[in-house]
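We name chains A, B, ... by the order of the sequence lines, and we start the count at 1 in each one. Keep in mind it's a predicted model, so treat the numbers as computed, not measured.
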Number of protein chains: 2
Amino acid sequence: MGARRRGEELEQAILRAAAEELRESGYAGLTMDKVAVRAGTNKNAIYRRWPHRAALGIAAYRHLTDAAMPDPDTGTLRGDALEMLRAANETWSSPYGAVLRSLLAAAADEPELLDLMRERSGADTMDRAWLTMLERAVARGEAPAAAVHPLVAAMPMMLLRAEYATRGIPTVPDRTLVDIVDELFLPLVRGRGVPRG
Amino acid sequence: MGARRRGEELEQAILRAAAEELRESGYAGLTMDKVAVRAGTNKNAIYRRWPHRAALGIAAYRHLTDAAMPDPDTGTLRGDALEMLRAANETWSSPYGAVLRSLLAAAADEPELLDLMRERSGADTMDRAWLTMLERAVARGEAPAAAVHPLVAAMPMMLLRAEYATRGIPTVPDRTLVDIVDELFLPLVRGRGVPRG
DNA sequence: GTTATAGGGTACGCGACGTACCCTATGGAG
DNA sequence: CTCCATAGGGTACGTCGCGTACCCTATAAC
């Protein structure tokens, strides 16, 4: 039976074990020993692949999720924006999101980890989605052309992230998302159509 | 010589030592042993006062700083907002800010710690300052009355925080602060004067 | 078949947290 | 003035987790 696993097979087993540990205990609770035991191997096999715990954490995370980017088209800018925020909130509230937040927290001290995270977080794709959203709104005549701007596109998600950071929290109430859209995002879009005064 | 220190005197010595360690090495580098040595005492005296490292970290941080809240009055909303952001950026870029960010990162996993931090971070006072700023702008006829809103007041600082979080960085470039004000904050303020369209 | 390579088992060194003892200075009660 | 409870000092220890070092052994490639 249990022939000795090698290469790809073993690697997947380790990643699966690490992902489970990550989901159960977050990054802080991810220990090399536990991963080794859970994967039915030993630390040797792990350290031969990833130089340190942080690298394994990231690899396990990307093994855990490959988030699909929503591309809503509800017909109104308000509807689209809410859709985006709700999808993001759902992702971040899920077990995967907990892991992600735990990783981000740990990354604050380790710059190398932070880079890898950003690369993997799909922030660029996200910004692009918001921009096309805005462009559609302009095409519909719903928003001024000046509303199409990278900062405008990035703002709502940044606020959502800040909300997660200050509150320490799994889920942002839907009310907050609605407020971000109605009290900030839409007024901002309107305001960018007004000549500076 | 060196009479044995007790009570308040010893407590201050410990806090001073912890604060120095915090500034030199951040929260991650704050070790109980080093604090004990630096304070010229031993871990006993520390654990008799704070139950664990996190508690000492917080206590040391508040011993380190008692941030003065700026209350700019430059005559224009733009000037005031920039002043606020620049002051905040300076604080967060300083050694104190590094400590704060390091503590916040560590707090993400420990909710009790997060509460203590939020209480201590002066977020409420900050929001109030932005609100009075907005009120002054309205009084000058520079902004519509509808611009006075908690979310509007909170937005710029939230964006600044998000900037720190995503980039992993000591200092946000001044250019970014200007953009937050000119591309987002001021258009938003204008937009809130426009009837919903 | 033989052999280089990757896995398995295990032990270790190190640093850090938190705890346990056992002395000793100190200050307050009598 | 004396005695004693209390707080400090010194130090050692248990535990955990990272990362490393060996030493065997299965396996795949040749």
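With sequence neighbours excluded, the residues satisfying salt bridge (Lys or Arg N to Asp or Glu O under 4.0 Å) with A/Arg140 are A/Glu142. Partners of B/Pro173 under the side chain to side chain contact (heavy atoms under 4.5 Å, CB included) rule, at least two apart in sequence or in another chain, are B/Thr176. By the salt bridge (Lys or Arg N to Asp or Glu O under 4.0 Å) test, A/Arg78 is found to be paired with A/Asp182, residues two or more places apart in sequence or in another chain being considered.
More than 12 heavy atoms of other residues, nucleotides or ligands shown are found within 6.0 angstrom of CD on A/Glu24. B/Arg38 CZ: more than 12 foreign heavy atoms inside a 6.0 Å radius.
One can place CD of B/Glu8 at 11 Å from P of D/dG8, the figure rounded to the nearest angstrom. At whole-Å resolution of the value, CD in B/Glu9 and P in C/dA25 are 17 Å apart. Atoms NE2 (A/His52) and C1' (D/dG17) sit 16 Å apart, rounded to a whole Å. We find that CD1 of B/Ile14 is positioned 14 Å from P of D/dA7, with the value rounded to whole Å. Rounded to whole angstrom, the span from the CD1 atom of A/Ile46 across to the C1' atom of C/dG9 amounts to 14 Å.
Within the structure, the ring pair (Phe, Tyr, Trp, His ring centres under 6.0 Å) test picks out the following pairs touching residues 126-145 of chain B (sequence neighbours left out): B/Trp130-B/Phe185.
Heavy-atom distances under 4.0 Å link DNA chain D to A/Leu30, A/Thr31, A/Met32, A/Asp33 of residues 29-39 of chain A, given in residue order.
Of the two residues near DNA chain D, B/Lys43 and A/Pro51, the one whose nearest nucleotide lies more 5' is B/Lys43.
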Pairs under 3.5 Å (N/O, protein and nucleotides 21-24 of chain C):
from   : atom 1 : to      : atom 2 : distance (Å)
C/dC21 : N4     : B/Asn44 : ND2    : 3.3
C/dT24 : O2     : B/Arg4  : NH1    : 3.0

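A donor atom on one side chain and an acceptor atom on the other are found under 3.5 Å apart for A/Tyr164 and A/Asn89.
One cannot find a donor-acceptor pair under 3.5 Å joining the base of D/dG8 and the side-chain atoms of B/Asn42.
To the nearest 0.5 Å, atoms CG (A/Leu15) and CD (A/Glu11) are separated by 6.0 Å.
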